[in-house]
Amino acid sequence: MPPTSTVDRPSNVSEALARGRLGIPSVIFFVLSAAAPLTVVAGVVTTGYGVIGVTGIPLAFLLVAAVLALFSVGYVAMSRKVENAGAFYAYISRGLGRPAGVGAAWVALIAYNALQVGLYGTIGAAANPVLDRIFGGHPHWSVVALVAWALVGLLGLLRVDLNGLVLAALLVAEIVVILIFDLGQIGNPADGQVSFAAFSPDNLFVPGVGAVLVLAILGFVGFESAVVFSEESKDPKRTVPLATYLSVAIIAGLYALSSWTMTVAVGPDQIVEQAGGQGVELIFNLAAAQLGDTAVTIGQALFLTSVLAAMISFHNTTARYTFALGRERVLPAVFGQTSVRTGAPRAASVAQSVLGLVVILLYAVNDWDPVVKLFFWGGTTGGFGVLLLIATTSVAVIVYFARSGGGENLWRRAIAPGVATIALFVIIWLAVSNFANLLGVAPDSTLRWALPAVYPVAAVLGIVWALVLRSNRPDTYARIGLGAASSAAAVTPETPATVEVTR
């Protein structure tokens, strides 16, 4: 019999993301793409005006930006101490303890998957005007969703910087068109007068203010994801703070400007009626009247790419959360593997794609409304989950620095996050109180409490799982929240990449 020997061979997987591939612009592109500016301006803003009936939305965006900027002070301060693709999960683990961290991780998985998969419900509606203009008709929404699904799934397996280049191209064009639409609107004011009434507190602090503030904070979802890409950044200690602050500022400025110019073009006293009647088409109808059909065609095409860009960004964010949990063995170890060739979290990305495929086919076979029951309900519920995570992380930051000091001044470790925490929990209370309005269902609807209740249930189950790990797998429990360092914290049977070869 020929002799056999065991030799080490390079594995085609690893437990590390590709380092040094993302600079500040690339991280900002990921963050802003998740925020989906044109989708928010065309959809969320008009929904706010038409459904809630409050005209102070531009001021609401600025107030929410101020709260998130305060939150970011402690958030980015902690990012200098904790570098982990799990972000909220890691921060809460280090601040409030490992059980709380695992509970937060389960909440994050549900929230980000709801946001990402929910976008498949609106891609068909976004594509219809474009396809109608080009081909004179459009296929079933699920066909468009499956094409987008395949593209997003493929990009999720490629280098993260390639994804960043795709997002850069889509996002720059999207923002340029939004600004052109804004110029057209402010250049053609109703009654010939530019009104600033939308920035008056009297038009915000009215019945419905709670729903408007929640709607505004949902428009910022994604700003927090700069930390998710910290392990792949060229200089995390510089990239993450700048990307976070710049993203909040850019999103706030763009949304406040666009929602205000809409009231200028229609008139503050007419915006609620016009938005209620025209919905998403309001911004495109205004563009048609002021800039011509070509501008509308370009805008509708970029509305489609806006949804696609958000899909790509949320897919990458969700996959990295799953990867972080797999690397620390909170989820099966296979999810903690990355491709050596591309550095992408391969198994986590595939798992996210499988979930997306199942949801698309389920909605298509049952003929469920993809826009309301998938996109709108999924996006609202996912955004609420992220809001819960932001508030809990704000508490974790305070506790973390209270224990460790961390070399940060009082403003960064306590005052700013303390004020942000109070404001965030007020918004959560308002969100729960107005959840029926946010979903567009009757006050006695089961969904009004069932959807938000998913998160405390998930958090409790996550905490229980962490306690099980502490009792039965203490080595795994000890690795929770360590990030890249967790790979060196323990040697597991999966670690060696050895095979037997025959000579």
Side-chain angles (χ1 to χ4, degrees), residues 28-50 57-58 61 65 115-116 118-131 133 144 148 151-152 166-186 215-216 218-223 225 247-263 265-266 275 278-314 371 375-376 379 383:
I28 290 176
F29 288 137
F30 273 105
V31 172
L32 294 184
S33 296
L38 188 52
T39 301
V40 171
V41 171
V44 174
V45 170
T46 53
T47 299
Y49 282 133
I57 290 178
F61 280 125
L115 288 164
Q116 204 280 330
L119 288 167
Y120 289 119
T122 197
I123 191 73
N128 287 349
V130 179
L131 297 176
R133 284 177 180 268
V144 179
L151 178 59
V152 171
V166 173
L167 293 178
L170 297 178
L171 188 67
V172 168
E174 182 181 341
I175 291 177
V176 167
V177 165
I178 291 174
L179 293 176
I180 291 173
F181 282 8
D182 289 344
L183 290 174
Q185 288 167 178
I186 200 171
L215 204 66
L218 294 182
F220 282 85
V221 168
F223 89 97
S225 59
S247 297
V248 171
I250 292 170
I251 292 171
L254 195 62
Y255 289 173
L257 174 66
S258 298
S259 55
W260 168 62
T261 59
M262 209 178 291
T263 68
V266 177
Q278 300 179 50
V280 174
E281 293 302 315
L282 175 60
I283 189 173
F284 298 114
N285 292 339
L286 289 172
Q290 298 155 0
L291 303 171
D293 289 340
T294 300
V296 175
T297 301
I298 295 172
Q300 289 173 333
L302 290 173
F303 182 38
L304 169 60
T305 61
S306 172
V307 177
L308 182 62
M311 286 180 178
I312 295 170
S313 183
F314 277 124
V371 175
F375 168 66
F376 190 64

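- Partners of Ala288 according to the side-chain contact (heavy atoms from CB on, under 4.5 Å) rule, which considers only residues two or more places apart in sequence or in another chain, are Asp293, Val296.
- Interatomic distance, CG of Leu291 versus CG of Leu286, reported as 9.5 Å (0.5 Å rounding).
- Ring pair Phe303/Phe284 is tilted by interplanar angle, where 30° to 60° counts as tilted.
- Ala126 and Pro129 make their closest contact through O-CD, 3.5 Å (heavy atoms, listed as atom of the first residue, atom of the second, distance).
- Within the model, atoms CD of Gln290 and CG of Leu183 stand 10.5 Å from one another, a figure rounded to the nearest 0.5 Å.
- Taking Ser247 as the reference, Ile28, Val31, Leu32 meet the side-chain contact (heavy atoms from CB on, under 4.5 Å) condition, with sequence neighbours excluded.
- With rounding to the nearest 0.5 Å, the separation of CD1 in Ile186 from CG in Leu257 is 7.0 Å.
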Could you check Tyr120 against Val152 for side-chain contact (heavy atoms from CB on, under 4.5 Å), going step by step and ending with a plain yes or no?
CA-CA 11 Å; Tyr120 289 119; Val152 171; 4.1 Å; yes
In sequence, state the C-alpha distance, the side-chain angles, and the governing distance for Val221 and Phe314, and then conclude on side-chain contact (heavy atoms from CB on, under 4.5 Å).
CA-CA 10 Å; Val221 168; Phe314 277 124; 4.0 Å; yes
Considering only distance and modelled atom types, tabulate donor-acceptor pairs under 3.5 Å from the side chains of residues 174-182, sequence neighbours left out.
from	atom 1	to	atom 2	distance (Å)
Glu174	OE2	Leu38	N	2.7
Glu174	OE2	Ser306	OG	2.8
Asp182	OD1	Ser258	OG	3.2
Asp182	OD1	Thr261	OG1	3.2
Asp182	OD2	Ser258	OG	2.9

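- At least one side-chain heavy atom of Ser259 sits under 4.5 Å from a side-chain heavy atom of Tyr49.
- Using modelled atom types, one side-chain atom of Tyr255 and one backbone atom of Gly219 make a donor-acceptor pair closer than 3.5 Å.
- Considering all non-hydrogen atoms of both residues, Leu308 and Ala148 come closest at CD1-CB, 4.2 Å.
- For Gln300, the side chain to side chain donor-acceptor pair (under 3.5 Å) test picks out Arg133, with sequence neighbours left out.
- Of all the heavy atoms in Gly50 and Ala275, the pair that sits closest is N-CB, 3.7 Å.
- Annotation: the span from Leu119 atom CG to Thr39 atom OG1 amounts to 7.5 Å, rounded to 0.5 Å.
- The two residues Ala65 and Phe220 have their closest heavy-atom pair at CB-CZ, 3.9 Å.
- Rounded to the nearest 0.5 angstrom, Ile123 CD1 and Leu304 CG are separated by 4.5 Å.
- Scored by the side chain to side chain donor-acceptor pair (under 3.5 Å) test, Glu281 finds no partners at all (sequence neighbours excluded).
- Taking the side chain as every heavy atom from C-beta outward, Met262 and Leu282 approach each other to under 4.5 Å.
- Expressed to the nearest 0.5 Å, how far CD of Gln278 lies from CD1 of Ile283 amounts to 11.5 Å.
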